[in-house]
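Side-chain atoms are counted along with the backbone in the values below, which use heavy atoms only and exclude waters and symmetry mates.
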Amino acid sequence: MRYDMRYDPLNPDFRANPYPTYAWLREHEPIHRTDAAGIRVVSRYADIAKVLRSPDVSRDIDKSATDFTPEELVMRDARFSRGAAKSMLMLDPPDHTRLRGLVSKAFTPRAIERLRPRVQQLVDEALSTVDSSGEIELIDALAFPVPFEVISDLLAMPTERSEELRNWSQAITLSLEPAATVDELVAAQQAVEQLIGFLIPVIEERRHNLGDDLLSALIAVEEGGERLSLPELISTVALLYIAGHETTVNLIGNSALALCQNPDQRTLWRDRGVALDSNAVDELLRFDGPVQQTIRVPLIDLEVSGGVLPAGERVLTLLGSGNRDGDVFSDPDALHLDREGAARQLAFAQGIHYCLGAALARLEGQVALGTMVRRWEHWELIDEPRWRDRLTIRGVNHLRMSLR
C-alpha cells in the first residue's frame, strides 16, 4: 500500500519499523518533500554524507531556515519563549568551532578509555542479578543505569535524583521529534528549566572546589584566553549529561534485541572474542542505531544525487536509512558483526557535528554487550519488546530476557 511507504511521522506502522519505508524512499523518492511542513527528507547514504559534510549547510535551524509554517512559528515561540541558551549542537562556525574546541580539550579519548574498568564494574554489578534468576529486564537493570552512572561519574554529578533526571531527559528528547506538539515543546522547555536549576548550584560549588572530573576540566579549560561562559557551561553540561546517557541506553537496548534475534551472530562474536568488539558495535549501530535522523539547512542550492536541495529549506537526513543503503553496505538488512566497512555507519553523523561522545558510547556498548555475549550462550525473549514511540531517537524501552 502506497501510504505505508510514505515518510509519515504519525503512522504507527512506520514508527514501529521505519526500514521498509526507508528502502522505498531510497529507490523511488530519494528527496521526499513532506506534505505538512514541506521539509525535504533525504534517504541515500551519499546524499546524507554530502549534506552533513558540506560547509554550505547550517545546523542553526532557527537562524537559517526560511520555510517555517505559521503553525511551526507558534511552536517555536512555545519552545524558545523562556530564552533557553543554545548548545553547540545547534550552532555553526565560528561559535561551534570555539565551543567544540574547548570541550574537546577536556573530553579526550584517553580520558574516556580510563573509564573502562569502571564501566566493566558497573556492567558486572548490573548483570549479577541474572545469575540467580536467569531473567532480566535489560533496560531498567542495565541499559539505563550503567550509562547514567558513567556520565555522572565523568562529570562528578550527584545521582540521588536519577528518576527526575530520566524524566527530564525523556521530555527534552521528545522535543526533537518532527511531530512534536506545542504541549510537548512546552513540557521540554519546563524540563530544561528544571535541569538548569539542578545544574547551576552543582557548577557553582565545583567552581570553588575543582576536582579530577570533566565538569572541573570544562570550568578550567582555556584556549587563546577564551573560556566557557556560565551560560555556555550550563548548556554544554546539560548536553553532555543528556546525550551522554540517552543514546547509549538505546544503543544497548536495540543491540541486545538484535543479538537475541540473531543467535548465529552471538556465536560468531563469542568465538572471535574481544578482537571483534569494536566492529561488532559499529555493525549494531549501523543495523538499528539509536539516532535515526538529524536536520540541516542548506545555505545555497545544494546538488545531490537525488536532485537539488533549495537554500533555506530544512533537510531531514535519515541516518537510519543511509545505514541500510545497499550501494554502501551489501546485504544491508542483515546483521553481520564481522562486516567489512561497518565503521562507515552514520549513527554518529559526520562532519563537524560528528558526535563528541562517540568514543564513550562505543566503549559502553563494547563492555556491556561483549560481557553478555561471553557470559551467556542462550538468550530468549520472555515477552514482546516494547518500543518508545519515537523516530529521532529510536529505542526499546522494555526488554525482558532469559539468559542461560
Side-chain angles (χ1 to χ4, degrees), residues 112-154 162 244-245 247-290 334-339 342-343 345 347 358-387 395-404:
I112 299 306
E113 185 57 34
R114 286 202 300 265
L115 293 170
R116 186 177 291 272
R118 174 59 171 158
V119 174
Q120 186 68 65
Q121 176 192 0
L122 290 169
V123 167
D124 290 341
E125 289 173 358
L127 294 175
S128 63
T129 58
V130 178
D131 295 330
S132 57
S133 68
E135 296 183 4
I136 188 171
E137 198 293 296
L138 198 76
I139 308 305
D140 286 343
L142 173 72
F144 172 76
V146 169
F148 179 79
E149 191 69 38
V150 168
I151 195 63
S152 297
D153 280 0
L154 192 59
S162 62
H245 78 273
T247 53
T248 311
V249 171
N250 298 301
L251 161 61
I252 294 172
N254 296 5
S255 298
L257 176 59
L259 289 168
C260 198
Q261 296 169 333
N262 291 269
D264 61 317
Q265 294 303 299
R266 297 200 309 273
T267 300
L268 174 67
W269 194 350
R270 188 166 53 252
D271 290 346
R272 296 279 187 92
V274 294
L276 194 59
D277 282 9
S278 179
N279 204 79
V281 169
D282 272 319
E283 170 65 357
L284 289 160
L285 284 161
R286 182 204 68 83
F287 183 73
D288 197 7
L335 183 69
H336 298 293
L337 297 184
D338 59 350
R339 179 185 297 277
Q345 48 83 13
L360 178 59
R362 280 193 172 100
L363 170 63
E364 292 172 304
Q366 290 168 19
V367 174
L369 298 163
T371 298
M372 290 178 65
V373 164
R374 286 183 274 276
R375 189 169 297 180
W376 293 287
E377 182 177 359
H378 302 286
W379 300 27
E380 292 181 12
L381 293 176
I382 294 177
D383 52 25
E384 283 296 310
R386 294 199 298 268
W387 291 84
V396 178
N397 68 358
H398 177 85
L399 189 64
R400 190 160 187 80
M401 305 171 63
S402 170
L403 299 167
R404 304 194 311 281

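Residues satisfying the side chain to side chain donor-acceptor pair (under 3.5 Å) criterion with D288, sequence neighbours excluded, are Y19, R394. D383 meets the side chain to side chain contact (heavy atoms under 4.5 Å, CB included) test with H398, R400; sequence neighbours excluded. Residues satisfying the salt bridge (Lys or Arg N to Asp or Glu O under 4.0 Å) criterion with E125, sequence neighbours excluded, are absent altogether. In this view, R266 satisfies the salt bridge (Lys or Arg N to Asp or Glu O under 4.0 Å) rule with no residue, not counting sequence neighbours. For F287, there are no ring-ring contact (aromatic ring centres under 6.0 Å, His included) partners at least two apart in sequence or on another chain. Residues meeting the side chain to side chain donor-acceptor pair (under 3.5 Å) test with E113, sequence neighbours left out: R116. With sequence neighbours excluded, the residues that form a side chain to side chain contact (heavy atoms under 4.5 Å, CB included) with R118 are Q121, L122, E149, D153. Every side chain to side chain contact (heavy atoms under 4.5 Å, CB included) that A141 has, sequence neighbours left out, goes to I136. T248 is linked by a side chain to side chain donor-acceptor pair (under 3.5 Å) to E364, counting only residues two or more places apart in sequence or in another chain. Applying the salt bridge (Lys or Arg N to Asp or Glu O under 4.0 Å) criterion to R386, with sequence neighbours excluded, gives no partner residue. Applying the side chain to side chain donor-acceptor pair (under 3.5 Å) rule to D277 yields the partners W269, R374; only residues at least two apart in sequence or on another chain are considered. Evaluation of the side chain to side chain contact (heavy atoms under 4.5 Å, CB included) rule for S278 yields D282, Q366 as partners, not counting sequence neighbours.
Taking all atoms of both residues into account, the shortest heavy-atom contact from R272 to D338 is NH2-OD2, 3.5 Å. Residues F144 and H245 share a closest heavy-atom pair of CE1-CD2, 3.7 Å. The two atoms that bring V281 and G365 nearest to each other are CG2-C, 3.8 Å, heavy atoms only. The two atoms that bring N254 and G289 nearest to each other are ND2-O, 4.0 Å, heavy atoms only. Looking at every heavy atom in both residues, L284 comes nearest to S255 through CB-OG, 3.4 Å. Here the shortest heavy-atom pairing between I112 and L363 reads O-CD2, 3.4 Å.
No donor-acceptor pair under 3.5 Å is formed between the side chain of E135 and the backbone N or O of S402. Using modelled atom types, one side-chain atom of N279 and one backbone atom of R339 make a donor-acceptor pair closer than 3.5 Å. The closest donor-acceptor contact from the side chain of W379 to the backbone of W376 lies under 3.5 Å. Judged purely by atom type and a 3.5 angstrom limit, E137 uses its side chain to pair as donor or acceptor with the backbone of L399.
Within the 4.5 Å cutoff, side-chain heavy atoms of R375 are placed close to those of D124. Taking the side chain as every heavy atom from C-beta outward, L360 and I151 approach each other to under 4.5 Å. Under the 4.5 Å side-chain criterion, counting only non-hydrogen atoms from C-beta, E283 is in contact with H336. Using a 4.5 Å heavy-atom threshold, the side chains of C260 and E380 count as separate. Proximity of V146 to V249: side-chain heavy atoms (C-beta onward) are nowhere separated by under 4.5 Å.
Summarising the geometry, atom CG belonging to L259 is positioned 8.5 Å from atom CD belonging to Q265; distances are rounded to the nearest 0.5 Å. Distance CG/L268 to CG/N262: 11.0 Å, rounded to 0.5 Å. Atom CG of N250 is separated from atom CG of N397 by 9.0 Å, given to the nearest 0.5 angstrom.
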Residue pair L381, L257: steps toward the side-chain contact (heavy atoms from CB on, under 4.5 Å) verdict: CA-CA 8 Å; L381 293 176; L257 176 59; 3.9 Å; yes
Please evaluate residues R404 and E377 with respect to the criterion side-chain contact (heavy atoms from CB on, under 4.5 Å), reporting the C-alpha separation (whole Å), side-chain torsions for both, the decisive distance (0.1 Å), and the verdict. CA-CA 6 Å; R404 304 194 311 281; E377 182 177 359; over 6 Å; no
